[in-house]
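Worksheet: the structure to be examined is printed underneath.
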Amino acid sequence: MTSAPRPQHTETIRTSSICKRIDEGRSGMGRYEPNEIEAKWRERWASTGIYEPDLHAARRPFYNLLMFPYPSAEGLHIGNVYAFTGADIYGRFKAMQGHDVFEPIGFDAFGMHSENFALKQNVHPTKLVPRNIKNFREQLKAMGGRFAWSHEVVTTDPAYYRWTQWIFVQLFKHGLAEKRLAPVTWCPSCKTVLADEQVINGECERCSTEVTHRDLEQWFFKITQYADRLLNNLDEIDWTEEIKTAQRNWIGRTEGLEMTFPIEESSTSVTFFTTRPDTIFGVTFMVLAPEHPLVKQITSEEQRPAIEQYVAEAMKKTAIERQSMERSGVFTGAYATNPLNQQRVPIWVGDYVLSTVGTGAIMAVPAHDTRDFAFAQRFELPITVVVAPPDWDGGELAEAYTEPGTLANSGEFDGMESAAASQAIIEKLESAGSGKRQMQYRLRNWLISRQRYWGTPIPIIHCDECGPVAVPEDDLPVVLPYVEEFRPTGTNQSPLASVPEFVQAACPSCGKDARRETDVCDNFLDSSWYFLRYPSTGIDDKPFDPELTKRWLPVHNYIGGKEHAVLHLLYTRFITMALHDMGFIEFEEPFRRFRAHGVLILEGAKMSKSRGNIVSPDDFFKSHGADTLRTYLMFASRFEEGGDFSNQGIEGVFRFLHRVWELYARQIEQAGADAGFPIEAQQAMHRTIKKVTGDIEDLKYNTAIAALMEYSHKLQKRPALSAEETTTFLQLLAPFAPFITEELWERIGRDYSIHTSAWPLADEALAKLQEVSVAVQIDGRTRDVIEIEAGSDEEAAVAAAKQSARVQRHLDGLAVVKTIYVPDRMVNFVTSSKR
RNA sequence: GCCGAAGUGGCGGAACUGGUAGACGCGCUACGUUCAGGACGUAGUGCCCGAAAGGGCGUGUGGGUUCAAAUCCCACCUUCGGCACCA
């Protein structure tokens, strides 16, 4: 692991002159110069190591994790600053509450973006990536995160990917890795495998050639074996509900029936899965996915040309297009028999059926499925109602009826309700041997192989005698060789295949000549375990030290983007569970608490390279300083919702920090003045402590900052501040604006550092409001607002309300039939005139 | 198409468990300060009628429940995010 270089601040950039005049004529303090003070404290924090907890001795460990960035050549994105600031504020808050906070950072640096960018710039990724990382480090330091730089992790470092390979080997040894044929997207012109995002409207993004598919031998991890546990544990873990829902849907466990229809004049049959056994009597046709292996077998000679053309067309569409466009299909010429009613049903091919879902074939029940209904209408196929809608007249349906109901046209099952009928039909089919109850999952196994250069080499050697053999652990890492020509090779192999010294290897098992695997790993594997490595960086004989792991994990708080809801977060859970089962770690869920933050958008659109609307934080660091940018990003919207970035509102936050500076300048000048601490001021302070503390815990940073602004206005109005107010306000602001608060903390004569000082505690009695405003309504309309003592009973509140002249006027001539009192909130007089 | 989230002033956004809609900030207006000025201070600022007092309307649209709805229910519209080789 590399240790981060000290930032060099040879020159200080003067801040914009927004405040040039503010303090002219004021002596001593000078004006707020964010660039000066930020440079000063960056250095001081680094040299004193206040963000580097002693991992072995820490008494109250708190592992505060954020999603490590992908170091692109464009530099740190303002969205990264947004996400990391949100996580950092929480870490700073926990540290001030007395925890030993470990907030590591690293770089997820393998992958297609780096490879493609390197190709474009004609710079080798081994040169480009360190350059990008260096730039990112500087930017990350500029934003003022409390990062433990001595534990930096870089996934492209052999000292790291050695253990990524070790994980691959463990999974392989435990039967959780398998190799099989699977289709990839292929550009016939570039002669290369394409990623999904490189395909636009069925064409290669570079050469606009229509893409095709190829079957290649690929490695998979058997995540589906963990489907039930991954699903069931979701009920227990403290994660953002939205993410848990996304994972549940992704895993997609459904219970139903798997059954087969024999094909006429053939020895084969079609197997499909259905969650609606109650509708089997309504099957009027079947549909196979275009990729289904039976298609070639059963198509009649007459239909063959049409089918072949249709299948070729379908292969060009994406799964999303196939499900969004108008239903299309072609009849194969073959028929199957419904074993329940002996009905003859035509077999079609339709691209709305996906080979990756279920068995790649469906029984079509147009009366009770909207997609099948549309298909039947288009091709004039019969629609048989077998579940009667509530007031069905026996006639034709205008649209599919997909709800449960009473069975009709279903022989012996007529009159039964859907749920009972499903069970009865399953039992009948099970005893007849033509179907069985089945749990089905949407989740598919994890495709690990990439036919690319810039990734972790898969640590496997293929031997003709022994088959695939894992590289012995002592031989790891399998180092990614330097390949000058790292562009895709025009074969379906990784560029590594063109390096004979790499490919040639002796079989670790029998010693004969063998071939090294040349595909590299999906970089989701790199990022599936990085949090396990952070505490153990520098340890080179094991991936993670058991002692440190036990002390620091599972992670206490993980904050990251919703875009990682299923892939990264599910793969990470899977790897953790697998390592647990193999006995390497004691826990099976990696993160105690996970919170998803929102997406930062620009003028209503997501920032992306393709739109060209990426905003760099660098200009803001220079013009306003990191404190202003951090605070503004957190103030502009609810952290968990995300929001719009505009540089309109940033000035408001900049002014706020200037006013804070001024407030303390005045305070310092008046040193020695007897400030006093009136009760109202104490109450305001404790209310603010309570509000800010609660809001940070809930990640409601925007309202915490609003409360601090409000409180600062109150402080500005006081002639002088007490010592307690002076320190408390700075402490509450410190997680958001770590630099200015550290500077002012020093200037008011407190000991370094504010960031290790104790978070203020709210005095509940003082935080409580003494007087409350109570709305007085008449028939639900607010007519007056009265001030009464907090906690007043109904009698007192109603009496006070009736004192109001306005209320009296509105009640004049009306009879109150009902009075509603919500303590400390409102009184409502309901009158007889009410409607 | 499927899954998820969200629609509140001119703008970003607040609003506990159904209980004063619009906190805080931007912008705008007026006044003050300043040689001048992007600056700073004070006050005002949802919309409509009104000189004011006051009144009416108002949280995407239409309906409903309730003494009371941004919040709950039903239907619809729009936007954003995800859909397995982007990370």
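Note that the structure is a prediction, hence the values are computed from the model and not measured.
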Measuring to OP1 and OP2 of [N], would you say a side-chain N or O of [X] lies under 4.0 angstrom away?
| X | N | result |
| --- | --- | --- |
| A:Arg783 | B:rG56 | yes |
| A:Arg781 | B:rC57 | yes |
| A:Arg806 | B:rG55 | no |
| A:Arg638 | B:rA14 | yes |
| A:Arg825 | B:rG18 | no |
| A:His810 | B:rG55 | yes |
| A:His597 | B:rG81 | no |
| A:Arg248 | B:rC3 | no |
| A:Arg322 | B:rG1 | no |
| A:Arg444 | B:rA84 | no |

Look at the side chain of A:Asn828 against the base of B:rC67 and say whether a donor-acceptor pair falls under 3.5 Å; ignore hydrogens and angles.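 Indeed there is one.
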Between A:Glu115 and A:Arg452, does any side-chain N to carboxylate O distance fall below 4.0 Å?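 Here A:Glu115 pairs with A:Arg452 in a salt bridge, since their nearest N and O are under 4.0 Å apart.
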Base, sugar-phosphate, or nothing for [X], non-hydrogen atoms under 4.0 angstrom?
| X | result |
| --- | --- |
| A:Trp446 | nothing |
| A:Gln247 | nothing |
| A:Met826 | base |
| A:Phe524 | base |

Kindly indicate whether the side chain of A:Tyr352, heavy atoms from C-beta on, has any atom under 4.5 Å from the side chain of A:Phe375. yes
To the side chain of [X], which of [options] is closest?
| X | options | answer |
| --- | --- | --- |
| A:Arg655 | B:rG27, B:rA14, B:rC85 | B:rG27 |
| A:Tyr70 | B:rA87, B:rA84, B:rG13 | B:rA87 |
| A:His564 | B:rG25, B:rA87, B:rA84 | B:rA87 |
| A:Ala636 | B:rC86, B:rG12, B:rG4 | B:rG12 |
| A:His713 | B:rG4, B:rG25, B:rA87 | B:rG25 |

Quick one: does NZ or CZ of A:Arg595 land under 6.0 Å from the six-membered ring centre of A:Trp239, within 45 degrees of the ring axis? no
Would you kindly compare A:Ala706 and A:Ala195 by the position of their nearest RNA chain B nucleotide and give the one closer to the 5′ end?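 Nearer the 5' end of the strand: A:Ala706.
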Partner nucleotide, any strand, of [N] [Watson-Crick/G-U, under 3.5 Å]:
| N | value |
| --- | --- |
| B:rU20 | none |
| B:rU42 | B:rA30 |
| B:rG37 | none |

Here the gap from A:Phe136 atom CZ to A:Phe68 atom CZ, rounded to the nearest 0.5 Å, amounts to 12.5 Å
CG on A:Leu663 to CG on A:Leu657, rounded to 0.5 Å: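 It is 12.0 Å, given to the nearest 0.5 Å.
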Could you give the distance separating [M] and [N] at their [atom1] atoms, to the nearest angstrom?
| N | M | atom1 | answer |
| --- | --- | --- | --- |
| B:rU59 | B:rG9 | P | 9 Å |
| B:rU20 | B:rA68 | P | 15 Å |
| B:rC16 | B:rA70 | C1' | 14 Å |
| B:rG58 | B:rU42 | C1' | 30 Å |

Name the orientation of the base relative to the sugar in B:rG22: syn if the glycosidic angle is within 90° of 0, else anti.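 Anti conformation here, the glycosidic angle of B:rG22 being more than 90° from 0.
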Does any N or O in the side chain of A:Ser494 come within less than 3.5 Å of the main-chain N or O of A:Leu496, such that one atom is a donor and the other an acceptor? yes
Look at the side chain of A:Ser449 and the backbone N and O of A:Trp219, then say whether any donor-acceptor pair between them is shorter than 3.5 Å.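 Checked: pair present.
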